[in-house]
Amino acid sequence: MNEIPTQYNPKEVEDKWYKFWEENDLFFAKSNSIKKPFSIVIPPPNITGILHMGHALNNTIQDILIRYYRMKGYEALWLPGTDHAGIATQNVVEKQIAKEGLRRQDLGREKFLERVWEWKEKYGSNIIKQLKRLGASCDWRRERFTMDQAYSEAVNEVFVRLYEKGLIYQGSYIINWCPRCQTALSDEEAPHKEIEGSLYYIRYPFKEHPDSFIVVATTRPETMLGDTAVAVHPYDHRYKKFIGKTLILPLINREIKIIADSVVDRKFGTGAVKVTPAHDPVDYQLGKKHNLEFINIMDVSAILNENAGKYKGLDRFQARKLITEDLKTENLLEKIESYKISVGHCYRCNTIIEPYLSTQWFVKMKPLAEPAIKVVKEGRIRFHPKRWTKVYLNWMENIKDWCISRQIWWGHRLPVYYCRDCQQRDKSQTPDSNSQINLKEEPGLIVSKEKPEKCPFCGSTDIYQDEDVLDTWFSSWLWPFATFYWPKETEELKYFYPTSVLVTAPEIIFFWVARMIMAGLEFMGEIPFSDVYIHGTVRDIEGRKMSKSLGNIIDPLEIIEHVGADALRFSLMLITACGQDIFLSEEKFKTGRNFANKIWNASRFVLMNLNPEEVRVDLCVFFKKEDLSLINRWILSRFYSILKKITKALDNYRFNEAANLLYSFFWHEFCDWYLEITKADIKDKHNQVVMYKILEKFLRILHPFMPFITEEIWQRLPSPDQSIMLQPWPHVQEEMIDKKLEEDVRFLFSVITQIRNFRSLIEIKPEQKVDISVYPHTKKRLDLIQQHSLMIKNLAKVNQLQILRVDKPPRPSLSAIVEDIDIYLHFTRLIDIKKEQLRIKEMISELSAICKKKEQNIKNKEFIHKAPKEIVTKERNEIKRLKGEIIRLEKIYNELC
RNA sequence: GGGCAUUUAGCUCAGUGGGUUAGAGCGCGUGCCUCACAUGCACGAGGUCAGAGGUUCGAAUCCUCUAAUGCCCACCA
């Protein structure tokens, strides 16, 4: 065994075992098993993704659950896959072809999509490779992609079903428009962020009295070009008399009316609001209600169009500037106030969203939400931690319709077709209205899974498909069942659906979790999973999200490179308190690395001191048959106590608790106490068996957390039984748990600690013999010491102490000395107390003097020299430390008196 | 504006139905390369558990209020 290196080297180990597991097909889950199923579907990472800490955390948790349940005897399936990530992927490929000086329009749709597929083939599985390095035990045979043929069929099926049920409709509304990506976005894809803006107060003159005016306030002055009214509150006494009057829209000189509506807040701005129905969602509602004209002033890039008069061709922000100036020169700008506004940003490119009127497809959400609310309220789906339930319910109860069409190319094309002949006919019947926007549904519209041969309305064969694609999430929300080939009723669908638990991040509760619940209930008639574990967000040490632009990314692959996947996984689990955000720094991975090394060396020690023939026994039989020493019974009891706790912790998704238990048990109980004590009598058969059995069982319960190192050591055991992955999770042996014994031993340890304390209090020369005192308060405990005097003696020996005799607590006489014991309790210490007192006193006064001096120094530095905070704090800590030292010495002094 | 969370050692955080002396890791100090491990061992210093009030024999823990910080949601132009 000496050839085993003293330092654990994950690099030599991890790839080897991952290959071994894959080659032996150990991740595969059968769909015709007699075992109980346990299934998790992976939150499919984007094909453009690279593994970041969030993935590492998310997938470590899933892997722990899967490995744990696999060992517990379930048919555990972890179904992997990737998401086509519409906008993200398109953006990446657009950037790539931009290097060749091309835009996607230059290539055309078909050629461009070819390029995307090429890109996907080449880079799309990077993230999968990275997951493997993490140790993810996914069933790779079942890997899915959201644009697989079968998956796309499911998407079409769903679209058609919802359309036929009247839950999908087409309509013109104000949607979030990203002028850079040139597509519509759902509300969830356009998060609001606060930015520094201004509130512009603009004068709108009356038609009748051009010298007087109404002042309106706006944050987007350029939208005034599309104004078709000014609204005031019906009971606002300032404006009541003007309702119905006509104003002249400055710069454009169009006549607009003053209307009254109670949505207007009298207290905000001037109490009068300009109404731009085509460029603001609230104004849109007003426009509909009051029958106003909808004037669109921008094109798809947010460049002003011909409706903007002389501002045509300007970008929206240039226009804002110029309009402000023009208003100033005409003396129509009353004032500009700086003002914080909350505006939507594209979640992919961070461009400011333009509320834009266009025809899009929507899903009616209310009918889908109702059953999804019910199952959570009834507790059929549980969130962990619980608090997310409220967040979920709150969102669901206020749900809005979902805009699902996107004006990009990469994605599932809408299964919507149009008949050109029908459209021609329609056009000739209704001449173009004045309005720029066609608010009516398209004529000759056909929704069908396959392209129809001919138009069902007129029989024409001149049919073309809608250009738009579906929102990426419109495919993701089917993930828990479309991955099992729904709508086909496959064996795996029946066996693995509903899945067991979903592990995900809080930011996609709305995007994904909520929608999966709705889809599951609507299409399967059954919840998609019973438990949702929401873990925290990984942040940097200052609490910021990790992002490329901030440059604060800690790359998990780099960490794996340095300390290994096991260390990464374990460190993450140690600091992940249930659902709390994680504040990460590279330092934290040291803990995992050191722990791995500790396991490595402890195992080395055990294996070096083993007689392989002797340890091949059944632990339970051995336990019953043999008369085991206290310390052996103690470690067995401790192991099973800990096992009980860990099992409970894992069942309740308390990963940090489980990790903590594993860590402190192994390090501070098994290594620090058990092995140290056992060392003295390592040749003993009982010790060898127990030591080996504990290690062997510990490896199993550690395996879900640290799969590689546990497999490596497992394979070095005297008789490795295949892979550790195939070992059952140990049963709790209640008969070996003895709480009273645990308490007794804890007391014995405290005695030993006292011996050590004593030694550090007073310096003892190596050869010097001393009597020391321990204070067992009860007869029982004295007995305990006496019974285990040998063990204490051995431990004392490790601490270079020799113990002579022990006695009962102090009594007037020594008449009660118990014979037959070899520890003697005595109150004399072999030192000159007076001398010692003097020495300590001197030290105390010396330290006090230093303290005073330092305190004065700090004051000077702080107030006179204005030293930086860090230096002052450092000095303060130093003083604190010194004061602590003084207190310590004083204690010793008092003890000597 | 609504909701949620956080506040415990110098730092980062645990603390499981209220119950002996409030824990860990890192950092700090002292002594050790003791034949598993210096990625280690032993020992030590360091806490009015944010503040106030309440319930209780007993509160870091339960209740109320206050303060600070962070996150999410919301159409206030």
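Here the structure is a predicted model, which means the values were calculated and not measured. So you know, we letter chains A, B, ... as the sequences are listed, proteins then strands, and number each from 1.
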Does A:Val275 reach a base, just sugar-phosphate, or nothing at all? Heavy atoms under 4.0 Å. nothing
Counting only heavy atoms from other residues, nucleotides and ligands, does the tally under 6.0 Å from NZ of A:Lys648 exceed 12?
no
task: Would you classify A:Lys386 as touching base, sugar-phosphate or nothing, given that sugar-phosphate means primed atoms plus P, OP1 and OP2, and contacts are heavy atoms under 4.0 Å?
output: nothing
- prompt: Between A:His233 and A:Asp261, do the side chains contain an N or O donor and an N or O acceptor separated by less than 3.5 Å?
  reply: no
Interface polar pairs with nucleotides 63-65 of chain B, N/O, under 3.5 angstrom:
none

Please work out if A:Arg220 contacts a base, only the sugar-phosphate, or nothing of the nucleic acid, heavy-atom cut-off 4.0 Å. nothing
On the nucleotide B:rU39, are OP1 or OP2 found under 4.0 Å from the side-chain N or O atoms that A:Asn601 carries? no
Using atom C1' of each nucleotide, how far apart are B:rG58 and B:rG18 to the nearest Å?
8 Å
- Query: Which value, in whole Å, describes the distance between the C1' atoms of nucleotides B:rC63 and B:rU56?
  - Reply: 12 Å
Q: Would you mind classifying the nucleic acid contact of A:Gln7 as base, sugar-phosphate or nothing, using non-hydrogen atoms under 4.0 angstrom?
A: base
In Watson-Crick or G-U wobble terms, with both distances under 3.5 Å, the base opposite B:rC26 is B:rG10
So, the side chain of A:Asn609 versus the backbone of A:Ile682: is there a donor-acceptor pair under 3.5 Å, distance only? no
**Message:** Between A:Trp673 and B:rC41, is there a contact of a side-chain N or O with OP1 or OP2 at under 4.0 Å?
**Reply:** no
What protein N or O atoms touch nucleotides 20-22 of chain B N or O atoms at under 3.5 angstrom, if any, and at what distances?
none

Using a heavy-atom cut-off of under 4.0 Å over every strand shown, decide if A:Val273 touches base, sugar-phosphate, or nothing.
-> base
Worksheet item: Think A:Tyr339 has a side-chain N or O under 4.0 angstrom from the OP1 or OP2 of B:rC76?
Response: no
Indicate, with a heavy-atom threshold strictly under 4.0 Å, whether A:Asp265 touches base, sugar-phosphate, or nothing. base
Picking from B:rA36, B:rC41, B:rA77, the nucleotide nearest the side-chain atoms of A:Glu676 would be B:rA36
Heavy atoms under 4.0 Å, any strand shown: does A:Lys679 hit a base, just sugar-phosphate, or nothing?
-> base
**Report entry** Side-chain N or O of A:Lys390 closer than 4.0 Å to phosphate OP1/OP2 of B:rC73
**Finding:** no
Closest of B:rU16, B:rU39, B:rG40 to the A:Asn597 side chain is B:rU39
Checking all strands, does A:His668 fall into the base, sugar-phosphate, or nothing category for heavy-atom contacts under 4.0 angstrom?
sugar-phosphate
Which value, in whole Å, describes the distance between the C1' atoms of nucleotides B:rU7 and B:rA60? 12 Å
* To do: Answer with base, sugar-phosphate or nothing: what part of the nucleic acid does A:Arg593 contact at a heavy-atom distance below 4.0 Å?
  => base
Worksheet item: Quantified in whole Å, what is the C1' atom distance between nucleotide B:rC72 and nucleotide B:rC37?
Response: 47 Å
Check: Is it true that a side-chain atom of A:Asn176 and a backbone atom of A:Ala190 form a donor plus acceptor pair closer than 3.5 Å?
Finding: no
Against the side chain of A:Phe510, the closest entry in B:rC4, B:rC73, B:rC41 is B:rC73
A:Gln285 near the nucleic acid: base, sugar-phosphate alone, or nothing, with a heavy-atom cut-off under 4.0 Å?
-> nothing
